[in-house]
Amino acid sequence: MPATLTYREAIRQCLVEEMDRDDNVFLMGEDIGRYQGTFRVTQGLFDKYGPRRVIDTPIVEPAIVGLANGAAMAGLRPVIEMMTMSFSILALDQVINHAAKIHYMTNGQAKCPLVVRGPGGAANQLSAQHSHSVEGWYAHVPGLKVVAPATPEDAYGMLRTAIRDDNPVIFTENPGLYGIKGEIPDDNEFAVPFGKARIAREGSDLTLVGYSRMTHVCLKAAELLAEQGISAEVVDVRSLLPLDTETIFGSVAKTHRAVVVYEDWKSGGFGAEIAARIGENCFDDLDAPVGRVGGLNVPMPYARVLELECIPNEQDVLDAVKKLG
Amino acid sequence: MRPSDSLSRDDLLLIWRHMWRMRAAETRLTQLSRDGVLRGSLHLAEGQEALPAATGLVIRQVDKLTVTYRGHGYVLSKGCDLVGVFGEILGRVGGFGNGKGGKMHLTDLENGLLGANGIVGAGVPIAAGGGLAAKVTGDGSIAMTVFGDGALNQGCVHEACNIAALWKLPLILLCENNLYAEMTSLARSSAVTDLTQRMTAYGIPALRIDGNDALAVYDALWNAADDARSGKGPTFIEAMTYRTCGHYQADAETYRTRKEVEQWRKKSPLIRFEKTLLDRKVERSSIDDVRRQAEDEINSAIDQALKLPSPSVESLRSNVFA
């Protein structure tokens, strides 16, 4: 029987199934054990697996990733939680200089199977240092895989792929998604492959490209556009690195218009890369320049009224669609 | 009774062999660098041979090790394949990374070498992770990390020390205090130059030793390994030594006097250990034979590595991902 679970429960269920399957999988992070996680993703896991496999660390992101790299090279499969992905900025040296490069530098001799997961993007008034969307920075780095699932089913299936992958994987969970519900298959081998985008809604007049929580913003915008008689297709990218350009380009070939929607700062965010790829490869298919909706290029402000101005919403998407003509 | 008191004649000659393998490698690599065969930065450790040599007798193949970009001596004494080492230093197919990693990134997981590292201090948390893996799996191995005095100013080193102490990780922290962090003296880098004092904050047992005395190094490492293997947690060893060559091949060495270097040359671990061997009644002919064999072995491995091909351009994009 498929179960209806929240996004956080789907992640937890996958963690449990993978820890039961493989003794080498262990969890490490700040307040994930006894406290059960600030977003409650790891609830109950400390009691179930004990301190050997659910390891509470001091607040020390660089060393957490450093230790995970060493443990991964020694044969284990660490899944580490960043209390927020914003904090992973402290650990960039270990992620980029070590985890991402070791396989290449050893011509494939060494592997670093590591998952770095946690909430990325704005929550609710967590302000400038806790609201980063860092996936674009990571997706810039050869040797990392970067995924941003939008639904409980994808979170469940992509985390399994992440844990079983022999590469370091950045797995970003928008905090706004933890409570959403969805069906997940009754199959503890269910895995969603990386590098495969999902058509979240079919349409024929234009393509909205999003990932993570912005997929839902695109879907809402598509509903509003439908009321105006415009048929929007929504592509949920899911996996940034590797990126499924085939599905994105295929949709653009059908609709001839595209708007890319992302929460990260508009300037230089990953949506800019997607837009550039569409422009580079689909020039003959396009009836209008590729549109972009991104986060405002300011540090995330605290006051709710300001914060909401920074995060793309369905109205921003409608405005961008209008500009395409 | 010190652990080194029970070293056999063969053990002593093995230390001697490790020392001369390292020195022979450095002599030849320096020449290759001067001849333009070897490009890029070459970081040598002339004068610090006692440390890797003694390590070779304490750290086993299963034990995990991280070293610095100056750490090829440890790579050799850990028993890594010589052609793999020199092939990689020369950037050839058949090196550990088929020429993609290079001198600063020698890595050999089969022999427990979790990597040399180009980032000062970064190997310390990685080795602690090796120690964590040993603890999680209970496989009986330990981990060791080698770093310089300069690394103690890096945050990740202190982070890893705190965790290693907190979790009693089986970890040896070997600090090669050669008095200079690259081109800057310890006195200009740190207000407290007795580095063992840094460890009192973490509750890590710390000792300062003569790092040019191979037997003192062996004793310290043996005790630290024994503590790590019996669950007592990490030990910090501050080994006083000196790099009698430059930080890298193009070092102008304006930061120290020739006199200072010459004084340390007289305290070379090779000179000292030769005397130890004679004191322990090892016959002169064996001392000379082992030295010659070590030099021959290294030179022949480098000759072999020089015959390896450079990587093909087709290999450029492979192994970005596993």
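The chains referred to below are lettered A, B, ... by the order of the sequence lines, with proteins before strands, and numbering in each begins at 1.
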Those residues of residues 138-159 of chain B that come under 4.5 Å of chain A on a heavy-atom basis, listed by number, are B/Glu159
Expected contact set for residues 118-137 of chain B against chain A at heavy-atom separation under 4.5 Å reads B/Ile119, B/Ala122, B/Pro125, B/Ile126, B/Ala128, B/Gly129, B/Gly130, B/Leu132, B/Ala133, B/Val136, B/Thr137
Filtered by a 4.5 Å non-hydrogen cutoff, the part of residues 62-77 of chain A contacting chain B is A/Pro62, A/Ala63, A/Gly66, A/Leu67, A/Asn69, A/Gly70, A/Ala71, A/Met73, A/Ala74, A/Leu76
Applying a strict 4.5 Å limit to non-hydrogen atoms, the region of B/Leu166 in contact with chain A is side chain
When the 4.5 angstrom heavy-atom criterion is applied to B/Leu109 and chain A, the contacting part is both
Between the OG1 atom in A/Thr106 and the CG atom in B/Asn319, the distance rounded to the nearest 0.5 Å is 7.5 Å
Interatomic distance, OH@A/Tyr104 vs CG@B/Leu316, rounded to 0.5 Å, equals 4.5 Å
Ranking A/Leu90, A/Leu144, A/Asp165 by heavy-atom pairs under 4.5 Å to chain B gives rank one to A/Leu144
For [X], is it the side chain, the backbone, both or neither that has a heavy atom under 4.5 Å from a heavy atom of chain B?
| X | answer |
| --- | --- |
| A/Ile55 | side chain |
| A/Lys101 | neither |
| A/His98 | side chain |

Indicate yes or no: at least one non-hydrogen side-chain atom of B/Phe321 is less than 4.5 angstrom from one of A/His103. no
With heavy-atom distances below 4.5 Å as the criterion, would you say the side chains of A/Asn107 and B/Pro311 are in contact?
no
Residue set satisfying ring-ring contact (aromatic ring centres under 6.0 Å, His included) with A/Trp137, at least two apart, ordered chain then number -> A/His132
| query | Between A/Met105 and B/Lys100, does a side chain to side chain contact (heavy atoms under 4.5 Å, CB included) hold up when you go through it step by step? | reply | CA-CA 5 Å; A/Met105 292 196 298; B/Lys100 287 178 176 170; 5.7 Å; no
